A.B. asks: 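Take this structure first; my questions come after.
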There are 2 protein chains.
Amino acid sequence: MTEPTGARPSSRERILVAAATMLGEDPTARLSVRAVAARAGVSTGSLRHHFPTQHALQEAVLAGIYETVFPGDPIHDTALPARDRLVACLRQILAPAGTGKEARRVWATLYETYLACEPTEEARQAYLALERQMQHRVEYWLSVLGEEGELPRGDNSRRAKFLLTVVNGLMLERALPGAEDLLASETATLFAAADSVLRG
Amino acid sequence: MTEPTGARPSSRERILVAAATMLGEDPTARLSVRAVAARAGVSTGSLRHHFPTQHALQEAVLAGIYETVFPGDPIHDTALPARDRLVACLRQILAPAGTGKEARRVWATLYETYLACEPTEEARQAYLALERQMQHRVEYWLSVLGEEGELPRGDNSRRAKFLLTVVNGLMLERALPGAEDLLASETATLFAAADSVLRG
DNA sequence: ACCTGAACACCGTTCAAGT
DNA sequence: ACCTGAACACCGTTCAAGT
């Protein structure tokens with residue numbers, strides 16, 4: 001946080017910059033201890049001193065990324081209860097799925113790209129990157145709530161996967177026939193998922 | 001597939017049994033090459049011969065789980081805890097989704113029938129009937145658990161919708177690329193969904 | 001074809017030792 | 001406090017060699 005003008009960046013900063021750069025070059029980068037340490041010109045021991053665990057490092061990097069990319073993220077609207085904020089966030093990633101005719105158009109491209117036939121290696125990698133990005137985003141939201149004490153300790157990676165599965169299911173149901181009271185049942189499902197995560 | 005009576009199981013079978021056993025003991029087990037090979041009394045090389053990649057092994061195990069035929073509806077197997085029974089039931093409706101290539105084949109027909117274009121009224125009705133049937137089935141399971149006092153009073157219709165959304169999400173993820181540890185994350189998600197419902 | 005076990009190139013984490 | 005680098009206990013995959 002302290003930034004001496006013109007001084008050499010601290011090891012901590014160098015590590016975070018190195019990790020962010022690597023992630024910029026390849027969104028699927030694994031950010032291994034040795035790779036990041038080497039890139040930052042720092043020993044693995046030093047990296048571990050600042051980030052006691054690999055997960056701590058990845059959380060710090062993600063926080064940095066999403067702070068700059070999504071300044072108005074609803075997760076930061078502390079006026080609202082945690083569950084409302086989490087649902088608002090999930091709605092954000094559900095929004096591009098559209099509804100009705102648009103939802104089916106979205107599905108058409110999704111189907112052609114990833115499901116129609118054995119996807120090309122290129123398509124596979126693209127999807128994996130997308131998935132990881134989503135996973136990171138949800139994990140970031142959970143880490144914010146965790147720091148506020150709104151979330152019991154636990155595996156946020158698993159929780160994020162769970163929430164994304166629910167969102168995927170809702171996406172599909174938006175395009176499928178039926179669903180008269182889509183809105184109500186979607187809202188109920190989102191809150192059920194959020195509560196499930198928030199209550200451990 | 002060939003099963004010589006009384007003969008020593010093939011390495012392939014021993015590996016699958018070992019993996020399934022380990023998964024039974026701990027649903028979050030990572031199923032590493034060496035651990036599974038040791039448990040099966042087989043070399044890592046042999047394991048790799050039958051399952052050229054770690055992903056291949058996990059897919060085979062997953063397929064094996066869903067191949068096991070339940071004699072009756074697992075919801076009535078009162079020897080097991082409620083959550084295990086509910087998860088077993090959900091797995092039943094997830095089973096026809098298949099895995100890997102088969103999953104994509106299933107999706108192809110689903111897409112052509114309901115998503116490709118504005119569905120015919122006939123198709124719409126067919127889907128609605130299917131959906132209702134699923135909804136009833138899940139609600140029945142919940143009612144059984146409710147009568148045993150395993151389920152707090154509440155809207156079982158909403159709960160069933162929630163569970164079906166989760167299953168839909170998992171179905172989709174089976175056909176999409178990626179899914180490194182599909183097996184573990186699918187199990188975790190199913191239990192999370194079951195717990196969410198059982199705890200209100 | 002099936003199987004072995006060593007070898008390779010990676011992991012994340014720990015820790016005595018330095019400054 | 002900060003940093004080093006070796007060491008430990010794991011990974012998944014490859015492969016020459018056996019049967």
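If you're wondering where the values come from, they're calculated on a predicted model, not measured in any experiment. Protein chains get the first letters and strands the later ones, always in sequence-line order, with residue 1 at the start of each.
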A.B. asks: Select base, sugar-phosphate, or nothing to describe what A:T44 touches, counting heavy atoms under 4.0 Å on all strands.
C.D. replies: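 Base: the residue A:T44, judged by heavy atoms under 4.0 Å, touches a nucleobase.
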A.B. asks: Taking the side chain as every heavy atom from C-beta outward, state whether A:L176 and B:E131 have any pair of such atoms under 4.5 Å apart.
C.D. replies: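 No, every pair of side-chain atoms sits at 4.5 Å or beyond.
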A.B. asks: Could you verify whether a donor N or O on one side chain and an acceptor N or O on the other, from B:E13 and B:S10, lie under 3.5 Å apart?
C.D. replies: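 Yes, because at least one side-chain N or O of B:E13 sits under 3.5 Å from a partner of the opposite role on B:S10.
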A.B. asks: Classify A:S32 by what it touches in the nucleic acid, base, sugar-phosphate, or nothing, heavy-atom distance under 4.0 Å.
C.D. replies: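 Answer is sugar-phosphate: A:S32 comes under 4.0 Å of backbone atoms only.
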A.B. asks: Could you check A:V33 against B:S46 and say which one's nearest nucleotide on DNA chain C is further toward the 5' end?
C.D. replies: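 Between the two, 5'-proximity favours B:S46.
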A.B. asks: Take the protein atom CZ of B:R48 and the nucleotide atom P of C:dC2, then report the distance between them rounded to whole Å.
C.D. replies: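 Answer to the nearest Å: 16 Å.
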A.B. asks: For B:Q54 and A:L47, take the nucleotide of DNA chain D holding the closest heavy atom to each; which residue's nucleotide lies nearer the 5' end?
C.D. replies: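 By nearest-heavy-atom nucleotide position, the 5'-most residue is A:L47.
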A.B. asks: Measure from CZ on B:F51 to P on C:dC2 and round the result to the nearest Å.
C.D. replies: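 Spelled out: CZ on B:F51 to P on C:dC2 is 12 Å.
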A.B. asks: Checking B:E139 against B:Q135: is there a side-chain donor and acceptor pair closer than 3.5 Å?
C.D. replies: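 Checked: B:Q135/B:E139 side chains pair up, N/O donor to acceptor below 3.5 Å.
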A.B. asks: Check this for me: does any side-chain nitrogen of one of B:E118 and A:R104 sit under 4.0 Å from a carboxylate oxygen of the other?
C.D. replies: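 Judged by the 4.0 Å cut-off on N to carboxylate O distance, B:E118 and A:R104 do form a salt bridge.
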A.B. asks: Across all strands shown, which nucleotide pairs with D:dA6 by Watson-Crick or G-U wobble geometry, both distances under 3.5 Å?
C.D. replies: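 Here D:dA6 is engaged in a pair, and the nucleotide opposite it is C:dT14.
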A.B. asks: Rounded off to whole Å, could you give me the NE2-to-C1' distance for the A:H49 and C:dT13 pair?
C.D. replies: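 My rounded result for the distance is 15 Å.
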